[in-house]
Amino acid sequence: MSEVPPHHPLDRPIWSALTTRQRELAEGGTNARRFPVAIAPFADMLDMSPQSFAALGALLSGPEIAVLFTPEPVTVPPEFKVLLAETGEQMIGTPADSSLPGVEIARLGLADVPAMVALTELTKPGPFSARTHELGNFFGIRVGRELVAMTGERMKPGNYTEMTAVCVHPDHRGRGYAQALLSAVGRQIAARGEIPFLHVFTSNVSAIALYRRQGMEIRRRLHITVLQKQG
């Protein structure tokens with residue numbers, strides 16, 4: 001079978017990313033691919049055939065999970081169990097300018113990984129591991145020496161770049177940090193000639209409202225499924 005991305009790269013963003021701009025990171029082959037576990041738990045398949053599920057299962061060891069973003073609900077064969085099945089909104093557009101006078105937005109790197117992991121463990125914006133920062137540029141805001149807000153880049157399907165890890169420490173919310181970081185990351189993506197987008201759970205109405213205020217629009221709804229092999 002040919003490894004041709006879907007008609008629109010954002011309909012299957014994980015598969016599209018792993019067969020286009022981030023194919024050098026892909027583990028797997030023709031029927032199933034995933035990011036390395038230390039980077040992200042995202043995976044997808046060429047189709048929903050038994051052969052593709054078998055290929056996905058071959059990539060998973062022990063308690064490892066596969067997180068899928070798909071246009072339709074996923075019906076899994078008996079050798080898999082579903083840990084989560086929810087919907088998410090895929091939003092697209094360059095966030096409006098939202099600078100904060102006197103607030104420095106800093107580029108984050110390897111030395112910041114412990115603080116980045118700690119902030120994401122506290123705020124739960126989505127999967128974030130020790131090597132997630134390798135997927136793109138990440139920026140943060142510090143108060144004193146503490147990292148209190150962060151946003152960065154993740155999947156890169158075709159000419160699109162996903163904004164991710166939008167998080168603010170609970171003690172520092174309501175100050176416009178998320179808006180400022182989204183604006184900074186979005187502008188950088190757009191300056192490269194790429195189109196920013198992001199994903200948010202359908203149930204997270206406050207975040208969706210924030211992104212709408214920033215000028216982003218819902219493109220479509222996707223199904224977010226977390227799978228694990230039985231046994």
Side-chain angles (χ1 to χ4, degrees), residues 5-18 22 28 32-35 37 39-49 52-53 56-57 59-60 62-93 95 117 119-129 132 135 150-157 160-168 170 173 178 182 196-214 216-230:
H7 178 67
H8 193 291
L10 293 186
D11 290 343
R12 299 290 288 267
I14 299 170
W15 184 256
S16 297
L18 290 172
Q22 292 171 312
R33 295 187 174 201
R34 72 170 181 177
F35 285 97
V37 173
I39 292 180
F42 300 118
D44 201 3
M45 299 171 288
L46 180 67
D47 53 31
M48 297 294 161
S49 67
S52 291
F53 271 107
L56 177 63
L59 292 173
L60 302 177
E64 292 176 356
I65 62 171
V67 180
L68 280 63
F69 288 12
T70 58
E72 305 296 335
V74 177
T75 301
V76 303
E79 57 266 30
F80 287 90
K81 58 183 175 181
V82 176
L83 303 182
L84 180 145
E86 300 216 12
T87 61
E89 307 304 320
Q90 186 180 78
M91 303 187 70
I92 191 167
V117 171
L119 182 60
T120 55
E121 287 179 348
L122 176 67
T123 57
K124 309 296 183 186
F128 194 93
S129 303
T132 302
L135 293 176
M150 179 179 77
T151 302
E153 302 170 356
R154 189 167 61 183
M155 287 187 281
K156 298 180 178 181
Y160 298 83
T161 296
E162 181 192 26
M163 298 185 293
T164 188
V166 183
C167 54
V168 180
R173 290 176 181 163
L182 276 169
F197 75 105
L198 55 77
H199 295 105
V200 56
F201 280 112
T202 303
S203 59
N204 195 348
V205 294
S206 60
I208 293 171
L210 166 65
Y211 302 144
R212 282 190 182 278
R213 289 196 299 271
Q214 287 286 92
M216 302 188 75
E217 295 293 337
I218 293 175
R219 176 184 173 267
R220 70 165 301 153
R221 179 166 291 180
L222 292 176
H223 292 266
I224 302 170
T225 310
V226 180
L227 302 180
Q228 190 177 54
K229 286 200 298 186
Q230 294 279 14

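All residue numbers in this chain count up from 1 along the given sequence. Heavy atoms only: backbone and side chains are in, while hydrogens, waters and symmetry mates are out.
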**Q** Indicate yes or no for a side-chain donor-acceptor contact from R34 to the backbone of G28 under 3.5 Å, with no hydrogens or angles considered.
**A** no
**Q** Considering only NZ, NE, NH1 and NH2 on the basic side and carboxylate oxygens on the acidic side, decide whether R212 and E217 come within less than 4.0 Å.
**A** yes
**Q** Do S206 and N204 have side-chain atoms, one donor and one acceptor, less than 3.5 Å apart?
**A** yes
**Q** Do D11 and R219 sit within salt-bridge range, that is, some charged N less than 4.0 Å from a carboxylate O?
**A** yes
**Q** Tell me if a side-chain donor or acceptor on K156 pairs with a main-chain N or O of L135 at a distance below 3.5 Å.
**A** yes
**Q** Give a yes or no on whether the backbone of R12 and the side-chain of S16 come within a donor-acceptor separation of less than 3.5 Å.
**A** yes
**Q** Answer yes or no: is there a donor N or O on one side and an acceptor on the other, between the side chain of T202 and the main chain of T87, under 3.5 Å?
**A** yes
**Q** Keeping the roles fixed (side chain from Q22, backbone from R154), state whether a donor-acceptor pair exists under 3.5 Å.
**A** yes
**Q** May I ask you to decide if I39's main-chain N or O and T132's side chain share a donor-acceptor pair within less than 3.5 Å?
**A** yes
**Q** Output yes when a side-chain donor or acceptor of Q228 lies under 3.5 Å from a complementary backbone atom of P63, and no otherwise.
**A** yes
**Q** Tell me if a side-chain donor or acceptor on Q214 pairs with a main-chain N or O of P95 at a distance below 3.5 Å.
**A** no
**Q** Any non-hydrogen side-chain atom of L10 less than 4.5 Å from a side-chain atom of R220?
**A** no
